[in-house]
**Student:** 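Questions regarding the structure given below will be posed in turn.
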Amino acid sequence: MANWQWFHRLGSPKWLLHTLNRWLPWLLGAGLVLLIIALAWGLAFVPPDYKQGNSFRIIYIHVPTAVVALAAYYMMAIAGAIAIVWRMKVADMALRAIAPVGAALTLLALLTGGIWGKPTWGAYWVWQDARLTSMLILFFLYIGVIALYDAYRERRNGNRAAAVLALVGTVNIPIIYKSVDWWSSLHQPASIKFSEPAAIAPEMLQPLLLAIAATYLLFAALVVLQLRVQIVLNEQRSQWLGQYAQQLLRGRKSAAAAPHK
Amino acid sequence: MAGHGRFVWSAYGISALVLAASVLHPLLRYRSEIKRLQRRATAQQVAQQVAQQAGQR
């Protein structure tokens with residue numbers, strides 16, 4: 001029989017805060033180190049593209065942020081579903097933690113894509129393109145979720161409205177993904193496929209895969225940072241948090257008082 | 001970067017700024033909330049001690 005203890009522990013904000021504090025330095029450190037390696041590799045050690053020259057190097061920011069922005073939306077929608085079905089307050093906190101990070105990633109994908117578009121297509125933005133428009137809609141969905149969860153006097157109602165919007169908006173994700181196949185699009189089709197070999201040179205692909213992995217780790221670190229704030233805000237009247245804060249204070253004072261060995 | 005430098009560096013530059021802000025904003029917010037809780041706990045302790053001393057007199 002599967003051990004579901006971890007799921008119940010996950011619902012405890014106290015256990016969660018302690019665990020998040022333990023993981024944060026590793027997630028942030030590993031993400032930053034891998035990202036720096038991937039970007040340095042992509043900027044300095046990959047030959048220029050035969051058509052695009054050096055502007056293609058924007059791919060190492062554009063693709064990872066776009067990929068993780070999409071994945072983040074699904075995770076946010078799942079958190080919303082769990083919040084509605086199981087009324088789990090940690091799920092509400094998770095939704096509020098993922099939304100701003102997803103919005104920032106989508107914004108970066110849009111901006112870097114536009115900057116890349118100028119030397120490649122001659123335009124920063126093209127309205128007729130389905131991929132661009134559906135990514136812009138994704139950004140509006142994130143902003144909508146953020147606006148909703150703080151728009152109600154009762155926090156519960158805001159949580160539910162935001163969760164519903166997150167769920168309704170999931171239809172956008174396959175549209176974004178398939179837009180380059182379904183409509184004639186300026187944006188190029190997928191270079192990395194599950195069924196065929198990649199349409200991108202391996203020397204260009206390797207740092208890209210590393211950058212994607214690094215961005216997933218950084219996404220986790222950023223969500224952890226947001227989630228810690230949500231826990232503290234939610235639990236500020238609880239006893240365990242007051243004691244935890246006092247423990248930190250005493251720990252800091254005793255560390256300052258004791259002579260370093 | 002053979003003429004494409006301003007595109008590549010502006011893209012990387014904006015990304016660095018957004019990443020830095022995304023780390024610093026929640027980090028500083030968390031620390032200030034913890035400090036607020038510490039101040040409240042200390043104030044409560046002081047109030048309790050004052051009440052105890054007043055009770056003893």
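Chain naming here is simple, since letters A, B, ... match the order of the sequence lines and numbering starts at 1 in each.
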**Student:** So which of A:Ile231, A:Val101, A:Leu39 has the largest heavy-atom pair count under 4.5 angstrom toward chain B?
**Tutor:** A:Leu39

**Student:** Select one option (side chain, backbone, both, neither) describing which atoms of B:Val23 are under 4.5 Å from chain A's heavy atoms.
**Tutor:** both

**Student:** Where on A:Ile115 is there a heavy atom nearer than 4.5 Å to chain B: the side chain, the backbone, both, or neither?
**Tutor:** both

**Student:** Name the region of A:Phe219, side chain, backbone, both or neither, that has any atom closer than 4.5 Å to a heavy atom of chain B.
**Tutor:** neither

**Student:** For B:Arg36, which atoms come within 4.5 Å of any heavy atom of chain A: side chain, backbone, both, or neither?
**Tutor:** side chain

**Student:** Would a 4.5 Å heavy-atom cut-off, applied to side chains only, mark A:Gln206 and A:Leu210 as touching?
**Tutor:** no

**Student:** Against chain B, work out which of A:Leu108, A:Leu35, A:Leu241, A:Thr112 has the most heavy-atom pairs shorter than 4.5 Å and name it.
**Tutor:** A:Leu108

**Student:** Check whether any side-chain heavy atom of A:Gln226 sits under 4.5 Å from a side-chain heavy atom of B:Tyr30, and report yes or no.
**Tutor:** no

**Student:** At a 4.5 Å cut-off on heavy atoms, which part of A:Val229 comes close to chain B: side chain, backbone, both, or neither?
**Tutor:** both

**Student:** Going by heavy atoms in the side chains, are A:Gln230 and A:Val90 under 4.5 Å from each other?
**Tutor:** no

**Student:** Checking side chain to side chain contact (heavy atoms under 4.5 Å, CB included) for the pair A:Ile59/A:Leu208: CA distance, chi angles, key distance, verdict?
**Tutor:** CA-CA 8 Å; A:Ile59 199 177; A:Leu208 180 58; 4.1 Å; yes

**Student:** Do A:Leu227 and A:Leu16 have side chains that approach each other closer than 4.5 Å (heavy atoms only, starting at C-beta)?
**Tutor:** yes

**Student:** For A:Leu17, is it the side chain, the backbone, both or neither that has a heavy atom under 4.5 Å from a heavy atom of chain B?
**Tutor:** side chain

**Student:** Taking every heavy-atom pair that is under 4.5 Å apart, which of A:Leu225, A:Leu218, A:Val232 has the most such pairs with chain B?
**Tutor:** A:Leu225

**Student:** Once you measure the plane-to-plane angle for A:His62 and A:His187, does it fall in the parallel (<30°), tilted (30-60°) or perpendicular (>60°) bin?
**Tutor:** tilted

**Student:** Does any backbone or side-chain atom of A:Leu24 lie under 4.5 Å from a heavy atom of chain B? Answer side chain, backbone, both or neither.
**Tutor:** neither

**Student:** For A:Leu111, is it the side chain, the backbone, both or neither that has a heavy atom under 4.5 Å from a heavy atom of chain B?
**Tutor:** side chain

**Student:** Does the side chain to side chain contact (heavy atoms under 4.5 Å, CB included) test come out yes or no for A:Tyr244 and A:Asn21, once each step is laid out?
**Tutor:** CA-CA 12 Å; A:Tyr244 179 66; A:Asn21 280 329; 2.8 Å; yes

**Student:** Using modelled atom types and a 3.5 Å cut-off, is there a donor and acceptor pairing between side-chain atoms of A:Gln236 and backbone atoms of A:Leu233?
**Tutor:** yes

**Student:** What part of A:Leu249 gets closer than 4.5 Å to chain B, counting heavy atoms only: side chain, backbone, both or neither?
**Tutor:** both

**Student:** Let me know if B:Gln44 has heavy atoms under 4.5 Å from chain A in its side chain, its backbone, both or neither.
**Tutor:** neither

**Student:** Which region of A:Leu107, side chain (C-beta onward) or backbone (N, CA, C, O), has a non-hydrogen atom less than 4.5 Å from a non-hydrogen atom of chain B, or is it both or neither?
**Tutor:** neither

**Student:** Of the backbone (N, CA, C, O) and the side chain (C-beta and beyond), which part of A:Gln52 lies under 4.5 Å from a heavy atom of chain B, both, or neither?
**Tutor:** backbone

**Student:** Taking the side chain as every heavy atom from C-beta outward, state whether A:Val46 and A:Tyr60 have any pair of such atoms under 4.5 Å apart.
**Tutor:** yes

**Student:** May I ask you to say whether A:Glu235 pairs ionically with A:Lys89, meaning some side-chain N is under 4.0 Å from a carboxylate O?
**Tutor:** yes

**Student:** Non-hydrogen atoms of chain B under 4.5 Å away: do they reach the side chain of A:Leu28, the backbone, both or neither?
**Tutor:** side chain

**Student:** Kindly indicate whether the side chain of A:Arg96, heavy atoms from C-beta on, has any atom under 4.5 Å from the side chain of A:Asp150.
**Tutor:** yes

**Student:** Check each atom of A:Leu105 against the heavy atoms of chain B and say whether the ones under 4.5 Å are side chain, backbone, both or neither.
**Tutor:** neither

